Amino acid sequence: MKTNFGTNVNPILIKIVVSSVLVLLMLIPVEMIKTMIKERQGNKNAEQTEMGWKWGGKQQVTGPILVVRYVKVPGSQGDIGAAYFLPDEYSVDGTVKPEERTRGIQKILNYQADMKVKGTFSFPDVEKLGIKPSQVLWDESCFILGIPNLQGIKNKIVFNMNGHPLEILPSVFPNDLINSGLTMKMNLNPENKEMLKYDFSLTLNGTEGLYFLPIGKQTSIHLTSTWKSVGYIGDFVATEKTDVKDGIDARWDIYDYNRNYTQMWIGENKNLEESALGMDLQLPINHYEKTLRAVKYAIMFIGLTFLVFFLVELLSKRQIHPVQYLLVSLALVLFYTLLLAFSEHIGFNWSYLISSTATITLITAYSHSIFRGKKHTVFMGIFLITLYIYLYVVLQQENMALLFGAVGLFVALAIVMYVLRKVNWYKNDEENDETEEIPPVYTPGDEDRDMN
């Protein structure tokens, strides 16, 4: 058997090479679409940040924490230090009311949290920190309450200490812990070392996240919400009720030995901020993320569609021009642009239905002009419908996406191998061998026979 080169190169091989080159060329528009999705997602995040900041932003409640000022050097009036004391009991009971807001085509999830905070402080034992009672400026003591976005406070706060309201200053006392918050002045009496019981109500606007620090020897934080899609943050696992139908009901119970900082210290405490816990109210997976995930399957879609066209061409003996392959691949790529554009206005599911229907209809109609037969056209339409349904199922299964993708590709390969099991890939070479002229064989005596 003779293998032909030059003008006799196997046309099937040429078709495979051309199709592969076209698939690789489609990487360029696919990457451009990915870049466009990321840019629009970045614009959305910037708008959400701006909208969220005006409402309240992510909120983290820190405190109350007792601050005791003292003179570092006895007899000196200039060098003043601060000692910090955490409460024995810290309890938060809150209800988080979600609210979706839109600006243009962008959505943001805000909330308003109504909280009741209470607990107790032991009278500060300054001597455990090496401070003599005579060094302490008892009348300059205060409680600090950290709230990063003060514009989110929506109620008149009454901070009660042992049943009496304390004066609240509209700024935070200079300290080493928080930059934004409130200060409650407290004149401690070293002659009456009674337990300090506090309570106050706080109505706080915020965006997406609400966090707390487990500052008590015994901390109990209880939050409820009518929003179901919630992510818990921090190193402490929330105990969530499972019988709540509409929303969540979560509780954190934490003790001082669960964290790595003490109840009293002098100076900075970096470990305090790292112990934050709470929850993020999450919008369902946004359309940008889903569209970006869908684009990751673009090359696979183009490759499988080319493969089906190639099989039909091979089995039906119809010639499909590379330009026709190119037009079909452009239609497949345009699907993702349609998906992105529609999803910004009507959501991902409806945009997927519209975009996939338009793409399937376009390619199926174009296939009819190529195949010139109903049988192959219907086959192509069924294939495309199956392909886009399969992609939609994969996009819904975040944790199972890899498994679904691997199984789907394996099944596709098995079908192709079954369809091509009887194809004779050397058919052209064998036909050339059979038609090749065989030279005559010379034998002695042929000349004499010719003369006679």
Side-chain angles (χ1 to χ4, degrees), residues 58-70 72 80-94 115 117-133 135-138 140-148 159 161 172-184 186 188 193 195-200 202 204 209-223 232-239 250-280:
K58 292 187 176 182
Q59 298 283 23
Q60 177 173 298
V61 180
T62 303
I65 298 174
L66 176 59
V67 183
V68 176
R69 303 186 73 202
Y70 67 98
K72 293 183 177 180
I80 306 297
Y84 302 94
F85 298 85
L86 299 181
D88 294 336
E89 296 179 4
Y90 178 62
S91 174
V92 178
D93 193 352
M115 297 171 284
V117 184
K118 63 181 180 179
T120 60
F121 281 88
S122 296
F123 194 87
D125 190 350
V126 295
E127 293 184 271
K128 287 185 177 181
L129 295 175
I131 303 172
K132 296 179 179 180
Q135 296 176 249
V136 178
L137 304 174
W138 297 106
E140 295 185 15
S141 302
C142 64
F143 293 93
I144 56 175
L145 178 65
I147 299 175
F159 191 92
M161 181 60 62
V172 66
F173 185 83
N175 65 90
D176 301 308
L177 303 179
I178 58 178
N179 298 319
S180 174
L182 305 174
T183 301
M184 285 68 68
M186 180 68 184
L188 293 175
K193 298 182 179 181
M195 181 74 69
L196 304 175
K197 297 181 180 180
Y198 67 91
D199 67 86
F200 63 95
L202 177 62
L204 192 63
L210 176 61
Y211 317 127
F212 302 88
L213 297 181
I215 56 175
K217 278 188 178 180
Q218 181 175 347
T219 297
S220 177
I221 299 174
H222 178 221
L223 297 177
Y232 299 108
I233 65 103
D235 296 331
F236 303 97
V237 179
T239 303
R251 177 182 294 277
W252 291 262
D253 290 303
I254 303 164
Y255 302 91
D256 56 341
Y257 45 75
N258 296 136
R259 47 179 172 74
N260 59 351
Y261 51 87
T262 61
Q263 290 296 111
M264 61 184 75
W265 69 89
I266 296 174
E268 297 182 355
N269 189 342
K270 295 181 179 179
N271 293 329
L272 182 69
E273 186 70 23
E274 296 174 357
S275 66
L277 58 88
M279 64 182 189
D280 286 320

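All residue numbers in this chain count up from 1 along the given sequence. Since the structure is predicted, the reported quantities are computational estimates derived from the model, not experimental observations.
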I'd like to know if the side chain of [X] reaches the main chain of [Y], judged simply by a donor and an acceptor atom lying under 3.5 Å from each other, with no hydrogens or angles considered.
| X | Y | result |
| --- | --- | --- |
| E268 | L177 | no |
| R259 | S275 | no |
| Y70 | P133 | no |

Out of curiosity, [X] [atom1] to [Y] [atom2], how far, rounded to the nearest 0.5 Å?
| X | Y | atom1 | atom2 | value |
| --- | --- | --- | --- | --- |
| T219 | K217 | OG1 | NZ | 12.0 Å |
| K132 | E127 | NZ | CD | 10.0 Å |
| L86 | Q263 | CG | CD | 4.5 Å |
| I254 | D235 | CD1 | CG | 9.5 Å |
| I178 | L145 | CD1 | CG | 7.0 Å |

Got a sec, which residues hit salt bridge (Lys or Arg N to Asp or Glu O under 4.0 Å) with R69, two or more places apart in sequence or on another chain?
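Counting only residues at least two positions away or on another chain, R69 forms a salt bridge (Lys or Arg N to Asp or Glu O under 4.0 Å) with E140.
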
task: Check salt bridge (Lys or Arg N to Asp or Glu O under 4.0 Å) between E89 and all other residues, then give those that pass, not counting sequence neighbours.
output: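 Counting only residues at least two positions away or on another chain, E89 forms no salt bridge (Lys or Arg N to Asp or Glu O under 4.0 Å).
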
| said: If you define the side chain from C-beta out and look only at heavy atoms, does anything of I233 sit under 4.5 Å from D280? | reply: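 Side chain of I233 against side chain of D280, heavy atoms only: contact under 4.5 Å found.
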
Next on the checklist: Are the side chains of M186 and L196 in contact, using a 4.5 Å heavy-atom criterion?
Outcome noted: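 L196 reaches M186 side chain to side chain.
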
Side chain to side chain contact (heavy atoms under 4.5 Å, CB included) involving [X] - partner list, sequence neighbours excluded:
| X | answer |
| --- | --- |
| T183 | C142, I144, L169, V172, F173 |
| K128 | D125, M264 |
| D93 | H222 |

Between [X] and [Y], what is the shortest heavy-atom contact and its length?
| X | Y | answer |
| --- | --- | --- |
| F236 | P214 | CE1-CG, 4.0 Å |
| S141 | L188 | OG-CD1, 3.6 Å |
| L210 | M115 | CD2-SD, 4.4 Å |
| I131 | A83 | CD1-CB, 4.0 Å |
| P148 | S180 | O-OG, 3.2 Å |
| P64 | I215 | O-CD1, 3.4 Å |

Considering residues at least two apart in sequence or located in another chain, which fulfil the side-chain hydrogen bond (donor to acceptor under 3.5 Å, both in side chains) criterion with E273?
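Partners of E273 by the side-chain hydrogen bond (donor to acceptor under 3.5 Å, both in side chains) criterion, ordered by chain and then number, come out as Q60.
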
side-chain hydrogen bond (donor to acceptor under 3.5 Å, both in side chains) with D88: which residues, sequence neighbours excluded?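 With sequence neighbours excluded, D88 shows a side-chain hydrogen bond (donor to acceptor under 3.5 Å, both in side chains) to S122, given in chain and number order.
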
Original post:
Parallel, tilted or perpendicular: which fits the ring planes of W265 and Y261, with parallel below 30° and perpendicular above 60°?
Top reply: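 The rings of W265 and Y261 stand perpendicular, inter-plane angle above 60°.
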
- request: Can you tell me which residue pairs pass the salt bridge (charged side-chain N to carboxylate O under 4.0 Å, His left out) test with a partner in residues 175-184, sequence neighbours excluded?
  value: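 Matches after skipping sequence neighbours: none remain.
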
So, using ring-ring contact (aromatic ring centres under 6.0 Å, His included) as the criterion, who are the partners of [X] when residues are at least two apart?
| X | result |
| --- | --- |
| F200 | F159 |
| Y232 | W252 |
| F212 | none |
| Y198 | F121 |

task: Evaluate the criterion side chain to side chain contact (heavy atoms under 4.5 Å, CB included) for residue pair L213 and L272; output intermediate values, then yes/no.
output: CA-CA 7 Å; L213 297 181; L272 182 69; 3.8 Å; yes

Does the side chain to side chain contact (heavy atoms under 4.5 Å, CB included) test come out yes or no for I65 and N175, once each step is laid out?
CA-CA 11 Å; I65 298 174; N175 65 90; over 6 Å; no

Going through the checks in order, is the side chain to side chain contact (heavy atoms under 4.5 Å, CB included) test met by Y211 and T62?
CA-CA 9 Å; Y211 317 127; T62 303; over 6 Å; no

Margin query: Using side chain to side chain contact (heavy atoms under 4.5 Å, CB included), reason through Y84 and L66 one step at a time and then give a plain yes or no.
Written below: CA-CA 6 Å; Y84 302 94; L66 176 59; over 6 Å; no

